[in-house]
S.K.: 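Dumping the structure here so I can ask a few things about it.
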Amino acid sequence: MIKAIKGTNDILPDEIQYWNHLTNIVLNQMNIYNYKEIRTPIFEQTELFSRGIGDSTDIVSKEMYTFIDRSENSLTLKPEMTASVVRAFIEHSLGKQFGLNKLFYISPMFRQERPQAGRFRQFHQFGIEAIGSHNPYLDAEVIQVAFSILQNLGLKDIEVNLNSLGIPEERNKFAEALKDFLSSKKNELSEDSKNRLESNVFRILDSKNQHDQELLAGSPSLIDFLGEESLEHFNKVKELLTIAKIPYSENHKLVRGLDYYTHTTFEILSSKVGAQSALVGGGRYNLLIEQLGGTSTPAVGFAAGIERILLACKAEESFIPAKEEIDIYLIRVDKELENKIFEIGTYFRYNNRTVEFDYLSRSVKAQMREANRLNSKFVLFVGGEEFSKGEVQLKNMSDGEQQIVHLNNLDSILSIIK
RNA sequence: GUGGGCGUAGCUCAGUUGGUUAGAGCGUCUGGUUGUGGCCCAGAAGGUCGUGGGUUCAAAUCCCAUCGCUUACCCCA
């Protein structure tokens, strides 16, 4: 049997109801906050991601689906969307059309990792990118959009973590201080963290190794290295979150894996979805656009994992998808009336009613059972004696009431069934 | 890449110290009088017990390998 690729999932009809509900909420909130949808290709030149996300990140160094096409170009299935949006922003000079571009997307992403709870090789994100302003009101708004969506999904057990990474100079000073602090304890660090000491010191901060965390006691804190402007920006964001009534925790150990972040970073976590608890991650990336060849433009955004969010929704039973039902089921009482059934069905469908009838030549009883299984609001019996008089029987499935309707009077049913 | 757990019907699972034709619930299908659902009742279909090898008189059950799923680490949404 041919099976789906490891880490990919079929979303079957029962499941799609959850996805549609989420999509509707996302679209609605994007409309409320006035973000415009953007769609970019599923693959890009590999160089976009290696330059945009950072060569040393795990995503680029070991997780990308990269292949050479027939023209010898190196292409990559997008592992995240920010680089693609920025590429489109630059390519189409969106920054010259509008001072501020507020964009959102919903799209599949691809990373070749070992699957686990809340992590897949093809997974889906929605997210926003607000490009063109360093205003802290926008940082707060971005967090607010994410928070509003989760709230509208009915999630309660979520936590916003907030930090600021400042500007590169401040971050570099902090990195050195942290390195100094930890190098004396180097031998005690976990193997992973020893490597991080060279590759990316910040990662030691959120190490899951208990002993690493003990060694971090009394370590320098990023917040102490922020300059006045960075601090002011950070404080403003916090003030605005308070006005927006968004509870948050300041977490100075929150560093994010992508190279392009500056200033504000945040995550929204759920404790109900396993180890991969970050539902949403994002922050400000003021240097990325220039890095990718555009004119220096500040920006801020987030990405949200749809699979993880739905996992949380199910764990919390935060919403129940609407019960599926149809308007009317047509029952073929006499075998030879197939054309008539099709004709009546066509009439109702052309009038925008959800109609179903039997395609399996089943008995009247079986057709009734099917109508019931489909939660049909009404049933129409076509055949027998009354049909020879040009009549059909309409039955209301909730109270069992039946009435005779003339075939040349079908429009009277339209007003009854919806 | 590394470690743990698990692979029996469409789904969720049972299968006792290895011992008759491998079971249940749900779902599906048919029927319970001539044209009427839900509840109920009766019956049916559906399984190479993941795959391959080994031990044994005998393997779903024990051993090995392999594949798959799952979970955690790294990292990330």
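Every chain is numbered from 1 and lettered A, B, ... according to where its sequence line falls, protein lines coming before strand lines.
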S.K.: Verify whether one side chain among A/Ser270 and A/Asp157 offers a donor that lies under 3.5 Å from an acceptor in the other.
M.R.: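 There is no such pair (donor and acceptor under 3.5 Å, judged by atom type) between the side chains of A/Ser270 and A/Asp157.
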
S.K.: Using Watson-Crick pairs (N1 to N3, plus N6-O4 or O6-N4) and G-U wobble pairs, both distances under 3.5 Å, which stems of at least 3 pairs involve RNA chain B?
M.R.: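 Stem list for RNA chain B: B:1-7 with B:67-73, B:10-13 with B:23-26, B:28-32 with B:40-44, B:50-54 with B:62-66.
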
S.K.: Roughly, in whole Å, what's the span from CD1 in A/Ile2 to P in B/G50?
M.R.: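 To the nearest whole Å, that distance equals 22 Å.
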
S.K.: Salt bridge check, A/Lys78 against A/Glu44: does any charged N sit closer than 4.0 Å to a carboxylate O?
M.R.: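 Result for this pair is no, no salt bridge flagged.
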
S.K.: Between B/G35 and A/Gln367, counting only base atoms on the nucleotide and side-chain atoms on the residue, is there a donor-acceptor pair under 3.5 Å?
M.R.: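 Donor-acceptor pair under 3.5 Å: no.
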
S.K.: Are there any protein N/O atoms within less than 3.5 Å of an N/O atom in nucleotides 27-34 of chain B, and if so, which ones and at what distance?
M.R.:
residue: B/C29; atom: OP1; partner: A/Arg362; partner atom: NH1; Å: 2.6
residue: B/G31; atom: OP2; partner: A/Ser363; partner atom: OG; Å: 3.3
residue: B/G31; atom: O6; partner: A/Arg369; partner atom: NH2; Å: 3.2
residue: B/G32; atom: N7; partner: A/Lys365; partner atom: NZ; Å: 3.4
residue: B/G32; atom: O6; partner: A/Arg369; partner atom: NH2; Å: 2.9

S.K.: Kindly indicate whether the side chain of A/Gln402 and the base of B/U36 share any N or O donor-acceptor pair separated by less than 3.5 Å?
M.R.: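 Indeed there is one.
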
S.K.: Is any side-chain nitrogen or oxygen of A/Arg196 closer than 4.0 Å to OP1 or OP2 of B/C75?
M.R.: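 Answer is yes, contact under 4.0 Å.
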
S.K.: Where the side chain of A/Ala117 is concerned, which of B/C75, B/C69, B/U71 is the nearest nucleotide?
M.R.: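 Closest of the options to the side chain of A/Ala117: B/U71.
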
S.K.: Examine B/G1: is either OP1 or OP2 under 4.0 Å from a nitrogen or oxygen in the side chain of A/Lys62? Give yes or no.
M.R.: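 False: A/Lys62 side-chain N/O out of range (4.0 Å or more) of B/G1 OP1/OP2.
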
S.K.: Using only heavy-atom distances, determine whether the side chains of A/Ser148 and A/Tyr33 contain a donor-acceptor pair under 3.5 Å.
M.R.: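 There is such a pair between these side chains.
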
S.K.: Tell me whether the side-chain N/O atoms of A/Gln116 come closer than 4.0 Å to OP1 or OP2 in B/C73.
M.R.: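 So the side chain of A/Gln116 is within the cut-off, an N or O lying under 4.0 Å from OP1 or OP2 of B/C73.
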
S.K.: Counting only side-chain N and O atoms of A/Gln276, is one of them less than 4.0 Å from OP1 or OP2 of B/C73?
M.R.: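 Yes, within the criterion.
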
S.K.: Would you tell me whether A/Tyr285 and A/Glu129 have side-chain atoms, one donor and one acceptor, within less than 3.5 Å of each other?
M.R.: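 Result is yes, a qualifying pair exists.
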
S.K.: What I want to check is whether the side chains of A/Ser193 and A/Arg196 have a donor and an acceptor closer together than 3.5 Å.
M.R.: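 Judged by distance alone, the side chains do pair up.
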
S.K.: Could you measure between the two C1' atoms, the one in B/G37 and the one in B/G32, and give it in whole Å?
M.R.: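 Roughly 15 Å separates the two C1' atoms.
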
S.K.: For A/Phe381 and B/G35, say yes or no: do the ring centres fall under 5.5 Å of each other while the ring planes differ by less than 30°?
M.R.: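 So A/Phe381 does not count as stacking on the base.
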
S.K.: Between A/Leu394 (CG) and B/U36 (C1'), how many Å, whole number?
M.R.: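 Rounded to whole Å, this separation is 13 Å.
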
S.K.: Round to a whole Å and report the spacing from CZ of A/Phe120 to C1' of B/C69.
M.R.: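 After rounding, the gap between these two atoms is 12 Å.
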
S.K.: With a 4.0 Å cutoff (strictly under), does any side-chain N or O of A/Lys208 reach OP1 or OP2 of B/C73?
M.R.: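 For A/Lys208, the contact criterion (side-chain N or O under 4.0 Å from OP1 or OP2 of B/C73) is met.
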
S.K.: Please measure how far the C1' atom in B/U16 lies from the corresponding atom in B/A77, and state the result in whole Å.
M.R.: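 Nearest-Å result for B/U16 against B/A77 at atom C1': 47 Å.
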
S.K.: In this structure, is the centre-to-centre distance between the rings of A/Phe319 and A/Tyr18 below 6.0 Å?
M.R.: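 Centroid separation for A/Tyr18 and A/Phe319: below 6.0 Å.
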
S.K.: Taking atom types as modelled, is there a side-chain donor on A/Gln112 or A/Glu63 under 3.5 Å from an acceptor on the other?
M.R.: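 Result is no, nothing qualifies.
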
S.K.: Taking A/Gly7's backbone N and O only, do any of them form a donor-acceptor pair with A/Gln122's side chain (distance below 3.5 Å, no angle check)?
M.R.: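 Here the side-chain-to-backbone pair does not exist.
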
S.K.: Would you please indicate if the ring centroids of A/Tyr65 and A/Phe67 are separated by under 6.0 Å?
M.R.: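 They do not qualify: ring centres at least 6.0 Å apart.
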
S.K.: If you check the A/Arg111 side chain, which of B/A72, B/C76, B/U36 turns out closest?
M.R.: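 The answer is B/C76, which lies nearest to the side chain.
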
S.K.: Does the side chain of A/Ser207 come under 3.5 Å of the side chain of A/Gln213 through a donor N or O and an acceptor N or O?
M.R.: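 Note: A/Ser207 and A/Gln213 side chains miss the donor-acceptor criterion.
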
S.K.: Rounded to the nearest Å, what distance is computed from the CG atom of residue A/Asp334 to the C1' atom of nucleotide B/G35?
M.R.: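 After rounding, the reported distance stands at 8 Å.
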
S.K.: Report yes if a donor N or O on one partner sits less than 3.5 Å from an acceptor N or O on the other, where the partners are the side chain of A/Arg114 and the base of B/C73; otherwise report no.
M.R.: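 Between B/C73 and A/Arg114, which were checked side chain against base, a qualifying N/O pair under 3.5 Å is absent.
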
S.K.: Check the distance between B/G50's P and A/Lys3's NZ and give it to me in whole angstrom.
M.R.: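 To the nearest whole Å, that distance equals 12 Å.
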
S.K.: Looking at A/Arg203, does any N or O in its side chain come under 4.0 Å of the phosphate oxygens OP1/OP2 on B/C76?
M.R.: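 Yes, within the criterion.
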
